[in-house]
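Quick notes on the structure that follows.
All heavy atoms count here, side chains included; hydrogens, waters and symmetry mates do not. Because the structure is a prediction, the values reported are computed rather than measured. Throughout, a chain's letter reflects where its sequence line sits, starting with A, and its residues are numbered from 1.
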Number of protein chains: 2
Amino acid sequence: MKKLPDKTVERLSQYRRALLDYLSGGKQHIFSHEIANLLHITAVQVRRDLMLIGYTGTLRQGYDVKELIEIIGKIIDTRDGQKVAVVGIGNLGRAIMGYFSGKRTRLSIVAAFDVNPEKTGKIYAGVPCYNLDEMEDIIRREGISIAVISVPGEEAVKVAEALVLTGIRGILNFSPKPLNVPPHVYLQEYDMITMLEKIAYFVKKN
Amino acid sequence: MKKLPDKTVERLSQYRRALLDYLSGGKQHIFSHEIANLLHITAVQVRRDLMLIGYTGTLRQGYDVKELIEIIGKIIDTRDGQKVAVVGIGNLGRAIMGYFSGKRTRLSIVAAFDVNPEKTGKIYAGVPCYNLDEMEDIIRREGISIAVISVPGEEAVKVAEALVLTGIRGILNFSPKPLNVPPHVYLQEYDMITMLEKIAYFVKKN
DNA sequence: AAAATACTGTTATTTTTTTAACAGTGTTAA
DNA sequence: TTAACACTGTTAAAAAAATAACAGTATTTT
């Protein structure tokens with residue numbers, strides 16, 4: 001399939017989670033405007049996204065919830081799932097691991113890394129924590145393709161460089177430092193200070 | 001000034017932090033392409049953003065770092081700063097508070113809320129934690145304008161409704177549940193699962 | 001059986017954001 | 001003193017995303 005727009009992919013992820021929720025309500029089908037209500041967006045946008053992924057519903061009946069969930073899975077997930085590492089086991093790192101533990105998803109956090117020797121060797125939310133030195137070895141051996149950076153800003157740049165050398169494919173950067181990675185690594189910056197300041201601006205006057 | 005584009009505001013926040021860093025290197029002036037390098041974006045984009053805020057540099061000298069920092073401050077900050085509350089003192093909530101503690105910024109976290117009675121009454125990263133019941137009172141009394149939601153998904157919707165009733169102006173939602181707020185409340189969704197799944201998609205094949 | 005209704009899927013339009021093009025200008029170099 | 005250079009500021013074009021418009025079609029209503 002042709003590459004989907006960024007924003008569509010984001011929404012697909014959200015559709016899927018909303019649909020899984022909805023499914024537990026027992027209904028088999030759902031209309032575009034119902035999906036839209038779940039996410040507080042418009043029905044057109046939903047239909048357009050579904051058009052882009054080539055999924056087509058039934059007139060007057062809407063979309064088959066299970067089918068749609070499955071289709072989205074085929075788009076986002078790989079057959080065997082992808083492995084994720086978390087680098088930096090501070091509060092943020094543990095929060096991230098907490099989010100995932102217990103959820104059966106095709107993304108599984110399989111390793112954590114930290115410099116603090118008190119943390120290495122322990123298990124957090126079911127995930128073993130290793131020393132940063134072992135990172136390259138373990139990422140290669142385990143076939144980890146995605147890394148989350150949750151170390152303080154000062155260290156983030158070095159961690160990113162090290163990650164790139166391991167052959168990682170994607171990085172989610174929670175640190176406030178902008179990172180620079182080669183084009184074959186997909187980077188998503190995710191800086192909460194920026195977001196808060198943005199809110200501050202838009203809240204300001206009006 | 002006319003309302004700035006969303007993305008420009010985000011970058012302004014990043015420019016400012018990068019410039020503060022840069023300033024400690026002792027230099028007084030900076031070229032657009034140098035700012036661009038700091039954030040790994042293009043020089044045109046920097047110049048265009050600065051054009052939008054009406055700040056103009058000097059030919060062959062670039063921009064006055066201090067001046068620019070100040071200008072950005074005038075745009076993003078209010079005169080007396082804005083107060084922020086964090087709702088939900090799990091790992092994520094504490095991570096957010098940790099980020100801010102010690103940093104002297106015009107956004108200050110002044111209250112935390114949680115339902116857990118073991119947490120209320122305590123101080124986290126210098127911020128007092130109150131019971132959720134007290135939220136409306138305290139937000140009004142303190143004049144808190146921005147709230148960060150870091151409670152588990154199930155509770156997020158209710159917390160958001162309660163926040164709207166307090167007259168809050170902006171919300172940063174870390175929970176994976178899409179929220180619905182009236183138009184006078186600025187909402188920024190910030191869901192890490194979506195972001196990870198997005199990375200998973202873009203990393204997938206190629 | 002004609003008209004209204006309630007949906008989907010698609011194309012067209014608008015808005016937002018990024019990128020490119022380039023005119024203007026003081027500064028250095030020839 | 002003219003040409004090349006190294007910048008800024010702005011306008012123009014392109015790309016990405018959201019929104020609107022609407023054609024198509026089963027179903028229900030009249």
Nucleotide nearest A:Arg48 when distance is taken to its side chain, options C:dA21, D:dT25, C:dA12 | C:dA12
Listed nucleotide nearest any side-chain atom of A:Thr42, set D:dT19, D:dC7, D:dA17 = D:dT19
Hey, what do you get for CG (B:Leu92) to CE (A:Met192), rounding to the nearest 0.5 Å?
-> 6.0 Å
Round to a whole Å and report the spacing from OH of B:Tyr55 to C1' of D:dG9.
-> 14 Å
Among C:dG26, C:dT17, C:dT10, find the nucleotide with the atom closest to the side chain of B:Lys7.
-> C:dT17
Would you mind classifying the nucleic acid contact of B:Thr8 as base, sugar-phosphate or nothing, using non-hydrogen atoms under 4.0 angstrom?
-> nothing
Distance in Å, A:Leu12 CG paired with B:Thr194 OG1, rounded so as to fall on 0.5 Å steps | 10.5 Å
Given DNA chain C, 5'-ward residue of the pair B:Arg60 and A:Thr56, judged by closest heavy atom = A:Thr56
Whole-Å distance between C:dT8 P and A:Leu50 CG?
-> 9 Å
Taking the side chain of A:Val44 as heavy atoms from C-beta outward, which of D:dT8, C:dT18, D:dA21 is closest to it?
-> D:dA21
With rounding to the nearest 0.5 Å, note down the distance linking CG in B:Leu163 to CD1 in B:Ile171.
-> 5.0 Å
From NE2 of A:His33 across to P of C:dT8 the rounded distance in Å is 7 Å
Roughly how many Å is it from CD1 in A:Ile35 to P in C:dT8, rounded to a whole number?
-> 9 Å
When you get a sec, tell me which of D:dA21, C:dT11, C:dT8 is the closest nucleotide to the side chain of A:Met51?
-> C:dT11
Atom pair distance, as rounded to whole Å: CZ in B:Phe202 and C1' in D:dA16 = 12 Å
Rounded to whole angstroms, how far apart are CZ on B:Arg47 and C1' on D:dT11?
-> 13 Å
Distance, rounded to the nearest Å, where A:Arg11 contributes CZ and D:dA18 contributes C1' = 8 Å
To the nearest angstrom, the CG-C1' distance between A:Asp49 and D:dT19 comes to 13 Å
Shortest side-chain distance from B:Leu59, nucleotide among D:dA18, C:dT25, D:dA17 = C:dT25
Within-4.5 Å side-chain heavy-atom neighbours: A:Val127 and A:Val86 | no
Fit a plane to each ring of B:Tyr186 and A:Phe202, take the angle between them on a 0 to 90° scale, and name the class: parallel (under 30°), tilted (30 to 60°) or perpendicular (over 60°).
-> parallel
